[in-house]
There are 2 protein chains.
Amino acid sequence: MPQKAIICTVDVVLLCLRGTVLNVALWRRERAPFEGSPALPGGYIHPEEDVDTLDAASRMLREKTGIASPYLEQLGTFSGASRDPRGWSISIAYYALLPAELIEQEPAPGLVLQAVEQLKGLPFDHKDIVQAAVQRVRNKSSYSSLPVYLCGEQFTLPRLQAVYEAVLGEPINKVSFRRKMEELDMLEAVEGAMETGRANRPAQLYRLKHEFQQCLSVSPRSLTAAAG
Amino acid sequence: MPQKAIICTVDVVLLCLRGTVLNVALWRRERAPFEGSPALPGGYIHPEEDVDTLDAASRMLREKTGIASPYLEQLGTFSGASRDPRGWSISIAYYALLPAELIEQEPAPGLVLQAVEQLKGLPFDHKDIVQAAVQRVRNKSSYSSLPVYLCGEQFTLPRLQAVYEAVLGEPINKVSFRRKMEELDMLEAVEGAMETGRANRPAQLYRLKHEFQQCLSVSPRSLTAAAG
DNA sequence: CGGTGTTAGTTGCAAAATGCATCTAAGTTG
DNA sequence: CAACTTAGATGCATTTTGCAACTAACACCG
């Protein structure tokens, strides 16, 4: 016998890199509780419109930012009695990565960018959710090419290395970094394109190979859909 | 404004190793839909009793098996319209690891152990959930000491290596394996205890160091509780 | 026009980590 | 006590990693 309805929402941790610090995108809440406070974008699931919760997260981001397909992955589900003043609740959290330019240019109403290290005054358990997302990103960045999704369409290797170093918080050896990128085999040089402009040797521009450009990452549910 | 109630359950993938094959514990369902079919143990969340969904998963396992604290970790949340005939639904999935003896000795009513490679006839999207759990376990086993939770209290290094090889599905170099265990620094020799009995040199028995014996792994929510 | 500064990208080598074969150890069995 | 079996250690070859030095390609400046 089903239990009585419980509060069940989807929240999104949208991360971008400004300079060398990770920032999270917050929006001023338009309704109670915590009306007016900057918080993670989120809301109720719409079973009629949403295929699954990944779809719900994607829809929320699109509504807030107009961006259709950032890197988006399920983070985890947070639950408990104390996280929402209205009572026991569940939030399925996702995290997304975006180049900072995309969000800084956009005149999104109510948007607040905040450095992830000094979060204060977040409602619910949103601070915990953000910290879990940051930890996930740092961890995955140490063995994958996740940080490329914080860069734009095209980028140089020195730029990408700087992004890695910012995310991981430690310097990386140049040769090791390039070897690793080589063996991951996810980048391709953009024909002839070079980043120039300053008083130095111009750098080769790269982009994600086509097969990795599908940024909307697979969730357990969509894996099913693809396999069936 | 909250959406109308959606079906929201917790399911547990309980894995153990029989011989060299991973098995999942299924129970015959006691109610519709799919009454009588072997399926993952699960059920509705009880906000009154459960601190969070980890707690709900733990409770379900305890009710089914009597086992209080296996290794238990959140796997992910599965959602969609097609996974449950009753309509759009959400399942927060957990996975647990247990020594096979604990579950084989127990006279659990309705229990069916099934090899994870040839699952058939599972209701809902339980096959997908099991496969996601197996993939997670394989992946984590390649860099962590996760498989120790498939062994009993005490075990020898040759035995543990066999467990790793069964989970990963490939042979491991003996010296490399022992070096890795050494550097993980999670095991301690049991004073004087040796496993003997056959026509050979007896092997040293080991156990998890105390600080790792807390098998109930931390979830995002309980991390909060610990930090606060 | 050529020197200088600055960043990009490569090469060679030392150091560390890994894998493999072999060797020794400690028991049981006949 | 010789033969067999598995546990565990040791030595060395191979691979991987990290570092420093080197070459390359620009702009700027005299």
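Every chain is numbered from 1, with letters handed out A, B, ... down the list of sequences. Values in this document were obtained by computation on a predicted structure and should not be read as measured data.
Closest to the B/S176 side chain, of the nucleotides C/dA25, C/dT18, C/dT10, is C/dT18. The side chain of B/P202 lies closest to C/dG27, out of C/dG27, C/dA8, D/dA27. Ranking C/dT18, D/dT17, D/dC19 by closeness to the B/K180 side chain, first place goes to C/dT18.
Note: CG (A/L187) to P (C/dG9) measures 12 Å, nearest angstrom. Between B/E182 atom CD and C/dT18 atom P the separation is 13 Å, expressed in whole Å. As rounded to whole Å, 12 Å separates atom C1' of D/dG8 from atom CG of B/N200. A straight line from CD of B/Q161 to C1' of D/dA7 spans 11 Å, rounded to a whole angstrom. Protein atom CZ of B/F177 is 18 Å distant from nucleotide atom C1' of C/dA17, rounded to whole Å. For the pair B/F155 CZ and D/dA7 P, the computed distance is 15 Å after rounding to whole Å. A/E195 has its CD atom 11 Å from the C1' atom of C/dT7, to the nearest Å. Atom CZ of A/R179 and atom C1' of D/dT16 are 8 Å apart (whole Å).
Not a single donor-acceptor contact under 3.5 angstrom links the side-chain atoms of A/R201 to the base of C/dG5.
Put simply, CG on B/D55 and CZ on B/R62 are 7.0 Å apart, with the number rounded to the nearest 0.5 Å. For the atom pair CZ of B/F212 and CE of B/M186, the computed distance is 4.5 Å after rounding to the nearest 0.5 Å. Atoms SG and CG, on B/C16 and B/L14 in that order, are 6.5 Å from each other to the nearest 0.5 Å.
Between the side chain of A/Q74 and the backbone N or O of B/G76, no donor-acceptor pair lies under 3.5 Å. Between the side chain of A/H126 and the main chain of A/A39, no donor-acceptor pair closer than 3.5 Å is present.
Residue order along DNA chain D, read from the 5' end via each residue's closest nucleotide, puts B/K174 first among A/V175 and B/K174.
Within the nucleic acid shown, B/R178 comes within 4.0 Å of sugar-phosphate atoms alone, with no base atom in reach, counting heavy atoms only.
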